[in-house]
Novice: 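Before we start, here is the structure in question, set down as structure tokens.
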2 protein chains.
Amino acid sequence: MVKRQLIIEKALELFAKQGFEATSVQQITEYCGISKGAFYLSFKSKEELILSLIEHSMSQFISEIDYAVNNMQNDRPLYSFFYRTFIGLLKHSNMAKLFIKDQGYSFSDELFLKIRYYDSLTDRIILEMLEKLYGEEIEATKYDLMYCIKGFIQTYSGMFLFNEAPLDVSLLSQTLVEKTDILAKHSTLSFISKDMMEVYEHPQIAKETLLEMLEQKINEIDEPIEKESLVLLKQHLIEPSLSPAIVKGLIENIRNHPHCKWLTYLLRKEILNDWPDGTAPLS
Amino acid sequence: MVKRQLIIEKALELFAKQGFEATSVQQITEYCGISKGAFYLSFKSKEELILSLIEHSMSQFISEIDYAVNNMQNDRPLYSFFYRTFIGLLKHSNMAKLFIKDQGYSFSDELFLKIRYYDSLTDRIILEMLEKLYGEEIEATKYDLMYCIKGFIQTYSGMFLFNEAPLDVSLLSQTLVEKTDILAKHSTLSFISKDMMEVYEHPQIAKETLLEMLEQKINEIDEPIEKESLVLLKQHLIEPSLSPAIVKGLIENIRNHPHCKWLTYLLRKEILNDWPDGTAPLS
DNA sequence: TATAATAATGACTAATTGGTCATTTGTCAA
DNA sequence: TTGACAAATGACCAATTAGTCATTATTATA
């Protein structure tokens, strides 16, 4: 659908300038030269637009980098990684600006989940690359190294994203390759252990927080099936009494409720120790 | 005033959770247990609250770090720097979260200016420290080194700020000292030159952009003095005809207009090559 | 050309926003 | 107890928001 694509592109421009919350649907439709009604023919809500937009750009961005690093016979994977990353950030600069600007994604569970998901994909790409390049010798420091690389990318991209100066991506990539290489070969201390990494990628949620969320959703939701499922899950959380199969079924009941996506994710994790595809702890 | 302090603290909590835009004055007053009117007795607007809040935390934060690095007889300034920085980030964690979340500060010229200002202060502290530590040998790579350090702080703090796991600040600081030291001693390539740094710290604004802004403000503002000053400045920008003293006076005329803060900053910079305290290009 | 089907409109709603101000409440000294 | 002054209230305002829907315009088919 052409209209949909037009809206996505124009909206991305506005979002990048002003952020999600500060950009109104009105503004978007005016900028597209269409009516408000037409917007809601393509997207059922503003949030759906935002989610599509992120899905769209992020999957493309990640796959470009993954391809550059892994699927080519490649004698300088580290250079390729940096190079493709910065080229990708420039290409998707609106999305990148948005990511820097609007980490205030707290206004939507689903959005938060999606961003976390793509972030963990990036982590994994970097880690695999490092392991392939340096092997056992960086076993102890690899997570720190990964964070340093992410730091490099963050600061340097922040520098050029909001400053349309000409950019020598090749030189930038070379200096970052050197830095990464130096760190890989000389670092002895490490701060991030494997355990820590797992905790961070999948932080424990305090039981009370979970109970609070459940309580809130119970009051918020009217559909009887979902409501009862939530009540039962809450009881089970307070005092485990149900079999895993029943719990899994109850979670399934609430899975597709638009207000329960994040809660579902947390319950799966806390009660079933189960994970969405691609976000399981690294083995 | 006690009330003012109460509002600042409570508002900071809410802002850190939800961001500036997503937090309403209503919400703040309810959370404080005061009326809406009482809020406007302490602050003339929501924006004034945000500005005070940033002023409050940032000046404290920066001075703590500056003191730790410079004003102590200190045999490990780099360690102190990292240590104090992370301790400071933890102490002001709400402000720190807000900074990560709400880089969408575009909704206020003054806010943008303030954040830029504190950012450049940090840059300078780091640079001075590096110069003192490593002297001439890092002359070519010091700006890159500074950006790496900022990257370290960004990623590592992002890791623990949203994750109230216990944190060994001392170990973290030590590993970052090692990394910084390794980079300082082995880096040969550099990406950021002195020139580039100056451009970035004080980006050139295209003349047309400035004219556009002027035009917009002229239409927007009713006060006759301010309006005429803007018109004259616009003419001078198109074809320089006024003496520096007159220009300076005209700029002074608009300086305190709430809608002209950012414009004033840019005009000073473009026409007078003058800078607010502490933001002048490094000599 | 006439009819059916789809696409697009924009006035409308209900809710929320930042901000105001006439009114009430509380606290003093006299 | 009174009166004067400051502190605090919350109903109210205009503006803006996301989202709806009866109406109109456009297109395809017969």
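Protein chains get the first letters and strands the later ones, always in sequence-line order, with residue 1 at the start of each.
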Novice: Rounded to whole angstroms, how far apart are CG on B:L41 and C1' on D:dG10?
Specialist: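 Between C1' of D:dG10 and CG of B:L41: 13 Å.
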
Novice: Starting at atom CD1 of A:I7, determine the distance to atom P of D:dA18, rounded to an integer number of angstrom.
Specialist: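 Distance, rounded to whole Å: 14 Å.
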
Novice: Closest approach to the side chain of A:Y40, judged atom by atom: which nucleotide of D:dA8, C:dT20, D:dT20 is it?
Specialist: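 Nearest to the side-chain atoms of A:Y40, counting from C-beta on, is D:dT20.
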
Novice: Verify whether one side chain among A:E55 and A:Y118 offers a donor that lies under 3.5 Å from an acceptor in the other.
Specialist: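 Per modelled atom types, A:E55 and A:Y118 side chains form a pair under 3.5 Å.
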
Novice: Would you say the side-chain atoms of B:K97 pair up with the backbone N or O of B:E13, donor to acceptor, closer than 3.5 Å?
Specialist: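 No, because the side chain of B:K97 does not come within donor-acceptor range (under 3.5 Å) of the backbone of B:E13.
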
Novice: Apply the test salt bridge (charged side-chain N to carboxylate O under 4.0 Å, His left out) to residues A:E9 and A:K3: give CA-CA distance (whole Å), side-chain angles for both, the deciding distance (0.1 Å), then the verdict.
Specialist: CA-CA 10 Å; A:E9 276 160 29; A:K3 183 69 62 63; over 6 Å; no

Novice: Counting heavy atoms not belonging to A:E228, are there more than 12 under 6.0 Å from its CD?
Specialist: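 Counting neighbours around CD of A:E228, 12 or fewer heavy atoms of other residues, nucleotides or ligands fall under 6.0 Å, so no.
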
Novice: Step through it carefully: locate the ring centre of A:F86, locate the ring centre of A:F160, and say whether they are under 6.0 Å apart.
Specialist: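 Ring centroids of A:F86 and A:F160 are less than 6.0 Å from each other.
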
Novice: May I ask you to evaluate whether B:S24 reaches the phosphate of C:dT17, defined as a side-chain N or O under 4.0 Å from OP1 or OP2?
Specialist: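 Yes, within the criterion.
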
Novice: Rounding to an integer number of Å, can you tell me how far A:F43 CZ sits from D:dG19 C1'?
Specialist: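 Interatomic distance, CZ of A:F43 to C1' of D:dG19: 15 Å.
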
Novice: The side chain of A:V25 is closest to which nucleotide in this list: D:dA8, C:dG18, D:dA18?
Specialist: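 The listed nucleotide nearest to A:V25's side chain is D:dA18.
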
Novice: Is the distance from OP1 or OP2 of C:dA11 to the nearest side-chain N or O of A:K36 less than 4.0 Å?
Specialist: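 So the side chain of A:K36 is outside the cut-off, no N or O lying under 4.0 Å from OP1 or OP2 of C:dA11.
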
Novice: When the distance from CG of B:L49 to P of C:dG18 is rounded to whole Å, what number comes out?
Specialist: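 Rounded to whole Å, this separation is 11 Å.
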
Novice: Heavy atoms under 4.0 Å, any strand shown: does A:T29 hit a base, just sugar-phosphate, or nothing?
Specialist: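 Nothing: the residue A:T29, judged by heavy atoms under 4.0 Å, touches no strand.
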
Novice: Just how far, in rounded Å, is P of C:dT6 from NZ of A:K3?
Specialist: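 Interatomic distance, NZ of A:K3 to P of C:dT6: 16 Å.
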
Novice: To the nearest Å, give me how far apart CZ (A:F39) and P (D:dT20) are.
Specialist: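 Computing the A:F39:CZ to D:dT20:P distance gives 11 Å.
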
Novice: Quick one: A:F20 CZ to D:dA18 C1', roughly how many Å, whole number?
Specialist: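 In whole Å, D:dA18 C1' and A:F20 CZ are 16 Å from each other.
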
Novice: Please determine if a side-chain N or O atom of A:K46 lies less than 4.0 Å away from the OP1 or OP2 oxygen of D:dA18.
Specialist: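 For D:dA18, OP1 or OP2 has a side-chain N or O of A:K46 closer than 4.0 Å.
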
Novice: Tell me: CD of B:Q26 to C1' of C:dG18, nearest whole Å?
Specialist: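 From B:Q26 CD to C:dG18 C1': 10 Å.
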
